[in-house]
Amino acid sequence: MEKALQNLIERLERERSLSEAEYARLIADRRPEAASLLAEKAVAARNRIYGSAVFIRGLIEISNFCKNDCLYCGIRRSNRDCVRYRLTEEEIAACAREGYALGFRTFVLQGGEDGYYTDERLCSIVARLKREHPDCAVTLSMGERERDSYQRLFDAGADRYLLRHETADREHYSRLHPPEMSFDHRMACLRDLREIGYQVGCGFMVGSPYQTPETLAKDLKFIERFKPDMCGIGPFVPHHGTPFKDMPAGTAELTCYLLSIIRLIHPPVLLPATTALGTVDPAGREKGISAGANVVMPNLSPVAVRKQYELYDNKLCTGEESAQCRDCLDARVRSVGCTLVIARGDIKQEL
Ligand code: 5AD
Ligand code: FES
């Protein structure tokens, strides 16, 4: 391998930091030997903190109504072909009960920005899940809300919040979103969540339209500074009902490369091998774990609505029962030398 690239990787491992220009070079000049070296170092860093444990999160997709119009997303409000649904509190509680029996100790409630889920309704759901499963963590992934709303949900018992920043480059952000959505507001939400006391997840799509090594370098620099507890990255996959329908999908190769880099920047981070990664490559999730990921998020939503929560085309697991997804992931995780564990899977500080 080129000596310069190897030096960058060794310095990244040592200092957990590179300049933006260096991150951009590490990405633009990448080659397979660099990817293997990064993966080897990332897996060592992960194993030092977490051993061979991979955590599972039960994903419950509670609503596909959304007031936003992100250009990449299949449930954007302008997509008239999207058949909308939302789950009742009863249905959500039933998904969680099934998940608990299958060994899930974290429930992730994800949905579009749906005005139906007022603070009152959402707090009631969160409080109920925490009451019925006191040994479980509840994670919310419900988009941008007021600070006061985040506070009330936290007080109701929510432990974690996922809000991908989508891109840390302002100009790039404006090309992925309609004018009424603001980069500054997104970043303000992430800071509010952190201040309130949530374990916070940010993240972005890999290979999103107009992304460059330079915008990715900004994402990495943001992660270096923000030190998220979780970081969700997965390839962009075009959805036929969006303005980006003809844009190329991101690759598993670059996603795995970035997973390794993020692990080295912030070794304790909880990093999922995402469903989108499994969608662009049948062995994508295994490759993600072998690149340093340590979380998988099988679907716990009722099978009847799974197909409707369609952020992108060809999403996996829309026909599988929750137990099938759990078993499928269990086998995949084992095939790469790791073990699914029954645990909340909170972030672990380094010793
Ligand atoms: N391809 C991949 N990921 C997508 N998301 C939304 N649309 C797509 C797509 N077409 C991601 C966004 C969002 C998360 C819930 O799903 O990053 O934050
Ligand atoms: Fe759902 Fe593999 S994770 S079937």
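Whatever order the structure lists them in is the order used to number ligands and atoms, beginning at 1.
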Inset, instruction - Would you check whether E166 has a nitrogen or oxygen atom less than 3.5 angstrom from a nitrogen or oxygen atom of ligand 1? - result: yes
Legend entry - Location of contacts on P235 toward ligand 1, heavy atoms closer than 4.0 Å: backbone
Inset, instruction - Before signing off on this row, confirm whether F236 and ligand 1 have an N or O atom pair separated by under 3.5 Å. - result: no
Inset, instruction - Indicate whether any N or O donor in one side chain lies under 3.5 Å from an N or O acceptor in the other, for S149 and D119. - result: yes
Legend entry - Presence of salt bridge, R16 and E350, under 4.0 angstrom: yes
Inset, instruction - Can you sort out which atoms of ligand 1 are near C73, meaning under 4.0 Å from one of its heavy atoms? - result: 7 (N)
Inset, instruction - Measure the distances from the heavy atoms of H239 to every atom of ligand 1 and state whether one is below 4.0 angstrom. - result: no
Legend entry - Where at least one partner belongs to residues 240-278, residue pairs that pass ring pair (Phe, Tyr, Trp, His ring centres under 6.0 Å), sequence neighbours excluded: none
Inset, instruction - Among all protein heavy atoms, pick the one closest to atom 16 (O) of ligand 1 and tell me residue, atom and distance. - result: L311 CD1, 3.4 Å
Inset, instruction - Tell me which protein heavy atom sits closest to atom 7 (N) of ligand 1, plus the residue, atom name and distance to 0.1 Å. - result: Y72 CD1, 3.3 Å
Inset, instruction - Tell me whether the guanidinium CZ or amine NZ of R105 lies under 6.0 angstrom from the six-membered ring centre of Y100 and within 45° of its axis. - result: yes
Inset, instruction - Verify the ring-centre separation between H165 and F226: is it less than 6.0 angstrom? - result: no
Legend entry - Distance-only N or O hit between ligand 1 and Q110, under 3.5 Å: no
Legend entry - Element-labelled atoms of ligand 1 that are located less than 4.0 Å from some non-hydrogen atom of R164: 11 (C), 12 (C), 17 (O), 18 (O)
Inset, instruction - Find the distance between CG (L329) and CZ (R285) and round it off to the nearest 0.5 Å. - result: 5.0 Å
Inset, instruction - State which residue, out of E98, R344, R326, fulfils the side chain to side chain contact (heavy atoms under 4.5 Å, CB included) condition with F104. - result: R326
Legend entry - With L277, the side chain to side chain contact (heavy atoms under 4.5 Å, CB included) member among I233, I289, L259: L259
Legend entry - Minimum-distance protein heavy atom relative to atom 9 (C) of ligand 1: V237 O, 3.4 Å
Inset, instruction - List the closest protein heavy-atom neighbour of atom 4 (C) of ligand 1: residue, atom name, distance to the nearest 0.1 Å. - result: M205 SD, 3.4 Å
